[in-house]
2 protein chains.
Amino acid sequence: MTAMIRGRPLIIDTHRDPNVCLHCQARPFSVCSVIDDADLQRLGAAAVTMTVQPGHSFIQEGGQAEHFFNVTAGTAKLYKLLPDGRRQVTGFAGVGYFLGLAVSASYAFSAEALEPVQVCRFSRAKLRELLDDFPALEKKLLEVASHELVVAQEQMLLLGRKTARERLASFLIARVKMLPHCMGQQTVATKERIDLPMTRMDIADYLGLTIETVSRTLSRLRAEKLIEIPNNSEIVVLKHTALDNIATGMT
Amino acid sequence: MTAMIRGRPLIIDTHRDPNVCLHCQARPFSVCSVIDDADLQRLGAAAVTMTVQPGHSFIQEGGQAEHFFNVTAGTAKLYKLLPDGRRQVTGFAGVGYFLGLAVSASYAFSAEALEPVQVCRFSRAKLRELLDDFPALEKKLLEVASHELVVAQEQMLLLGRKTARERLASFLIARVKMLPHCMGQQTVATKERIDLPMTRMDIADYLGLTIETVSRTLSRLRAEKLIEIPNNSEIVVLKHTALDNIATGMT
DNA sequence: CGCGGTCGTTGATCTGGGTCAAGGTGGCGC
DNA sequence: GCGCCACCTTGACCCAGATCAACGACCGCG
């Protein structure tokens, strides 16, 4: 059982149920989905679960890359810094996200919890063992990495060539697409509610903008009745297709 | 032997030496390096070699992703387009570069030859077979993909947060780093000659700038005696460390 | 309930890099 | 050799988004 001690950055869970993985709600969304139920105990034995409090980091850019992580709850931001403090958020890691793929000796980015984050931590050596024993896991990781690459290229297009308006629209549409798919018909006017665990500053650093531009642009989209902003951590997409057209540069 | 027919975009080599891979000069730089000499014939049999003339594409964004490619000679640019023609070059693929990692049904980017490019082409099915038979190859691909991800994150930092001057400096330093390492001592004043197979337009599209800004910024670096520009396809780095400081935002 | 602090919004102004425009340059074919 | 054409450079001006500044909204705490 995980001890939930407030005020400490990391809480490492020492008394583990050998069947944690079997009941893990993150499994269907993560690389662990390729491991059979029968083998899950091996996986569980190799991992340590950790809780990271908001604002605290569990990966530091440039630090020794000794571990791999799998997010099982919450959201973290991944970012790189320049010496003078300029920040680029390279992504947000939600449930199921696999972190630490960088094979070099040190991490290429930092990871900081936005909400209380729970992760499974694997040592480099343990992961290697698992990969040798479960080729399906290695295949899955290659698949995940390939997908990440596609996403990264899309983000390069955004950062290099899109306007502020297009960047915000792209961000909102991407967030809508990662909502648990509702089964009902998708109409043009369907209300889609997005949860934003990150601040405006994080969004700005993700989109290569300033906080003021993010704020102004969202205000304008609201004035145009494309979105609603019920509160700072929620946005409702009112006109999905219109926003999608803006996102893809068709407006 | 490869027929070198000018004026056609793609030349597919049909009469192949079963030992092409054994003598391939690109092997040490490519994923093929993990395959034993004894198994190289299998690899060679699975591949078709192709020559692509400058200006011609061998991968189209959105097209059916049926093949994987390994560059064995020349350089290609990889890019994504917006509907109105805005372009983002996501990378340059030189000798040894493995292309097509995207596991989805269609390619996420286009690839166009800058110089005559030679590639080995594998069908999706053949590659899958090879991956199943040579786990080392799969490991290597995961390693390559992970490295690509690190590079992509670095490029996001560049596109999102660096100034034009820092972008050009980063580009030049990255090019210097991929030169065949000369064994001599690296001094601050060491002349390092970079070959640029791409146009200023390609560089601009890679760095998220316009052609004019690239030109102006290079002129300024030349005026400051940090670089020399003997001709349009070559740049000599005169002050590596000064340029490196600019690249990393320390100036 | 008031206070301080963080986060977000909005307005005024500034500027790095984009846009528009006008040459320069060099390689290639005839 | 000469002219064409693609590529590059340089200058003048402009604008999207950054910067600077002020204020508002919300929340936890004493």
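Below, chain A is the first sequence line, B the second, and so on; all start at residue 1.
Going from atom CD1 of B/Ile229 over to atom C1' of D/dC7 covers 14 Å, rounded to whole Å. Look at CZ on A/Arg161: it is 13 Å from C1' on C/dT19, rounded to the nearest Å. Straight-line distance from the CZ atom of B/Arg216 to the C1' atom of C/dA22: 13 Å, rounded to whole Å. Look at CG on A/Leu158: it is 12 Å from P on D/dG17, rounded to the nearest Å. Residue B/Leu221 contributes atom CG, which lies 12 Å from atom P of D/dT9 at whole-angstrom precision. The CG atom of A/Asn231 sits 15 Å away from the P atom of D/dA25 (whole-angstrom rounding). At whole-Å resolution of the value, CG in B/Asp84 and P in C/dT19 are 11 Å apart. Atom CG in A/Leu159 sits about 17 Å away from atom C1' in C/dG17, given to the nearest Å.
Every residue meeting the salt bridge (charged side-chain N to carboxylate O under 4.0 Å, His left out) condition with A/Arg220, not counting sequence neighbours, appears here in chain and number order: A/Glu224. Residues that satisfy the side-chain hydrogen bond (donor to acceptor under 3.5 Å, both in side chains) test with A/Arg161, not counting sequence neighbours, are B/Asp205. Partners of A/Arg121 by salt bridge (charged side-chain N to carboxylate O under 4.0 Å, His left out), not counting sequence neighbours: none found. The salt bridge (charged side-chain N to carboxylate O under 4.0 Å, His left out) test applied to A/Arg222 returns no partner, not counting sequence neighbours.
Taking the six-membered ring for Trp and the full ring otherwise, A/Phe58 and A/Phe69 have centroids separated by under 6.0 Å.
Look at A/Arg220 and you won't find any side-chain N or O under 4.0 angstrom from OP1 or OP2 of D/dG17.
Under the ring pair (Phe, Tyr, Trp, His ring centres under 6.0 Å) criterion, the residue pairs touching residues 198-239 of chain A are A/Phe92-A/Tyr206, A/Phe171-A/Tyr206, with sequence neighbours excluded.
Each end of the helix from C/dC1-D/dG30 to C/dC30-D/dG1 yields a helix axis from five base pairs, and these two axes differ in direction by 40° (to the nearest 10 degrees).
Each of A/Thr163 and B/Ser219 was matched to the nucleotide of DNA chain D holding its nearest heavy atom; the match closer to the 5' end belongs to B/Ser219.
Here B/Arg222 lies in heavy-atom contact (under 4.0 Å) with sugar-phosphate atoms only.
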Pairs under 3.5 angstrom only: tabulate donor-acceptor contacts from the side chains of residues 75-84 of chain B to other protein residues two or more places apart or in another chain.
unit_1  : atom_1 : unit_2   : atom_2 : d
B/Thr75 : OG1    : B/Glu115 : OE1    : 2.9
B/Lys77 : NZ     : B/Asp202 : OD1    : 2.6
B/Lys80 : NZ     : A/Glu154 : OE1    : 3.1
B/Lys80 : NZ     : B/Ala108 : O      : 3.0
B/Asp84 : OD1    : B/Arg86  : N      : 3.2
B/Asp84 : OD1    : B/Arg86  : NE     : 3.2
B/Asp84 : OD2    : B/Arg86  : NE     : 3.0
B/Asp84 : OD2    : B/Arg86  : NH2    : 3.1

Check: residues 227-234 of chain B side-chain donor-acceptor pairs under 3.5 Å, at least two apart:
unit_1   : atom_1 : unit_2   : atom_2 : d
B/Asn231 : OD1    : B/Ser233 : N      : 2.8
B/Asn231 : OD1    : B/Ser233 : OG     : 3.1
B/Asn231 : OD1    : B/Glu234 : N      : 3.2
B/Asn231 : ND2    : B/Glu234 : OE1    : 2.9
B/Glu234 : OE2    : B/Arg193 : NH1    : 3.3

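Across every non-hydrogen atom of A/Leu226 and A/Ala242, the tightest pair is CD2-CB, 3.9 Å.
For A/Asn232, whose side chain is taken as the heavy atoms from C-beta onward, the closest listed nucleotide among C/dG17, D/dT10, C/dT9 is C/dT9.
A heavy atom lying under 4.0 Å from DNA chain C marks the following residues of residues 194-215 of chain B, by number: B/Gly208, B/Leu209, B/Thr210, B/Glu212, B/Thr213.
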